[in-house]
Number of protein chains: 2
Amino acid sequence: MQLADFFDTNKRLPTYSEMTSLFSLKSKNSIFFIVKKFIEDGFLAKDGFGHLIPGNIIFGTKILGTVEAGFPSPAEEELADTITLDDYLINKKEATFILKVSGDSMIEAGIKPGDLVLIEKGKQARHGDIVIAEVDNEWTIKTFEIHQGKIVLVPANPKYQIIRPEESLNIAGVVVAVIRKYH
Amino acid sequence: MQLADFFDTNKRLPTYSEMTSLFSLKSKNSIFFIVKKFIEDGFLAKDGFGHLIPGNIIFGTKILGTVEAGFPSPAEEELADTITLDDYLINKKEATFILKVSGDSMIEAGIKPGDLVLIEKGKQARHGDIVIAEVDNEWTIKTFEIHQGKIVLVPANPKYQIIRPEESLNIAGVVVAVIRKYH
DNA sequence: TTGACAATAGAACGTCCGTTCTATTATTAT
DNA sequence: ATAATAATAGAACGGACGTTCTATTGTCAA
């Protein structure tokens, strides 16, 4: 759609004048009604002070149903919700960063070498969380567990050993999401 | 940062007047210089027609190094690149949608039940791609392979059998990314 | 205390934005 | 063909926006 394309490339919404080109019209008044329509349809919205902002449909990606449990037909697509991946995955933007996994120590947790992990700094690690931890001056990704009151770092791969940190244990952050991109 | 926060909540950049509140200043002129500074620092930018647009730092999430191969220190963080997940993962926004995986047929490919998969419709499937396919009126996620000129759908789980479609094979799309969110 | 310099405030201004009003052109029904 | 209605164009307008200019305040050195 024209507006989504413009927003993707320009990182802002077009002005009414610019929309005349986008929609091949010659009057801003025509745009006025088109914008009205788009607001009704959820493509656009107005914030508290009358400024035009993109609706969710402009930003987001469709979420459909569940595979292997009946699949949404094209007709049902209309009902689909939309989200942005960033909004969905990131809670505290300032404290979040991305790391590429290089080892296979978490392979059985479905984290493969080359995968990206989203880390949230400063988050309190709880039993079962996957964390980035510093042990002996090396950073590793492991499952954070507490056995009899003691912290242990458990790899998800029988090839590797459970780490029982004696003293200095530095948790860089908690893994809040895993992302794998193909190609 | 103030601008990122404003953009996150309002989905647009603040006006100069609004920035006076954001930065606790009383003159738009002061903002003028602050904006100048932000443009130099990459937080903001101006497009071809002088409109203020957010720089990558406002949108994006930091990409740091590789875990288990030396870990970026806080000092190095400055060098980090930033991206938005949407831009990174989605090529053709119009043709992309998200599906939740419910079975464990791709478990050995690191795709677990509950994971989200990003599907690109209409993309040509190639040998080795993971695809969403319709077989016998059911949709499944499988690896797309070609053996001796014939298409076969291979699960990544020994519990399941290889599917050799006789006639109607409908490929809904190719999996371009996998996303797993914790909690 | 005074002077120099930077930072902030305040006022002024031209431009463009979104809106409204009126005029023109298409479209459809009768 | 004519009238009625909808869609688009065009002109006009108030307001807000980003910018610039000038005034004031704060900070530091001598």
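A quick note: this is a predicted structure, and the numbers were derived from the prediction, not measured. Note: hydrogens, waters and symmetry copies are ignored here, and every other heavy atom, side chains too, is used. All chains are named by letter (A, B, ...) in the order of the sequence lines, taking the proteins before the strands, and each is independently numbered beginning at 1.
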Do the charged groups of [X] and [Y] touch, with an N to O distance under 4.0 Å?
X: B:D115; Y: B:K100; result: no
X: B:K28; Y: B:E18; result: no
X: B:K112; Y: B:D104; result: no

Check the angle between the aromatic planes of A:Y16 and A:F32 and answer parallel, tilted or perpendicular using the 30° and 60° thresholds.
->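 Tilted, since the angle between the ring planes falls between 30° and 60°.
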Which word best sums up how the rings of B:F38 and B:F43 line up, parallel for under 30°, tilted for 30 to 60°, or perpendicular for over 60°?
->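 Plane angle over 60°, so perpendicular.
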Tell me which residues in residues 18-34 of chain A put a heavy atom below 4.0 Å from DNA chain C, sorted by number, or none.
->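 Contacting residues: A:K28, A:N29, A:F32.
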d(CZ, B:F38; C1', D:dG18) in whole Å |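 For the pair B:F38 CZ and D:dG18 C1', the rounded distance is 17 Å.
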Rounded distance (Å) that lies between atom P of D:dA6 and atom NZ of A:K37 =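 Between P of D:dA6 and NZ of A:K37: 14 Å.
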Take A:V176 and A:L89 through the side chain to side chain contact (heavy atoms under 4.5 Å, CB included) test and state the conclusion after the steps.
-> CA-CA 8 Å; A:V176 293; A:L89 295 176; over 6 Å; no
Contact boundaries of DNA chain C with chain B (under 4.0 Å, heavy atoms), 5' to 3'?
->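 Listing 5' to 3', DNA chain C meets chain B from C:dT8 to C:dG10.
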Is any side-chain N or O of B:S17 closer than 4.0 Å to OP1 or OP2 of D:dC17?
->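 So the side chain of B:S17 is within the cut-off, an N or O lying under 4.0 Å from OP1 or OP2 of D:dC17.
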Between atom NZ of A:K181 and atom CD1 of B:I90, what is the distance when rounded to the nearest 0.5 Å?
->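 With rounding to 0.5 Å, NZ (A:K181) is 10.5 Å from CD1 (B:I90).
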Is there a donor-acceptor pair under 3.5 Å between the side chain of A:D5 and the backbone N or O of A:Q2?
->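 Judged by distance alone, no pair lies under 3.5 Å.
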Any donor-acceptor pair under 3.5 Å linking the side chain of B:R180 with the backbone of A:G110?
->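 Judged by distance alone, yes, a pair lies under 3.5 Å.
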Polar side chain donor-acceptor pair, B:H51 to A:N10, under 3.5 angstrom =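 Distance-only check fails for B:H51 and A:N10.
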Just call it for B:K46: base, sugar-phosphate, or nothing, with non-hydrogen atoms closer than 4.0 Å on any strand.
->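 B:K46: backbone/sugar contact only, no base atoms under 4.0 Å.
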Helix axis bend for the helix from C:dT1-D:dA30 to C:dT30-D:dA1 - C1'-based end axes, five pairs, 10° rounding =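 It works out to 20° between the end axes.
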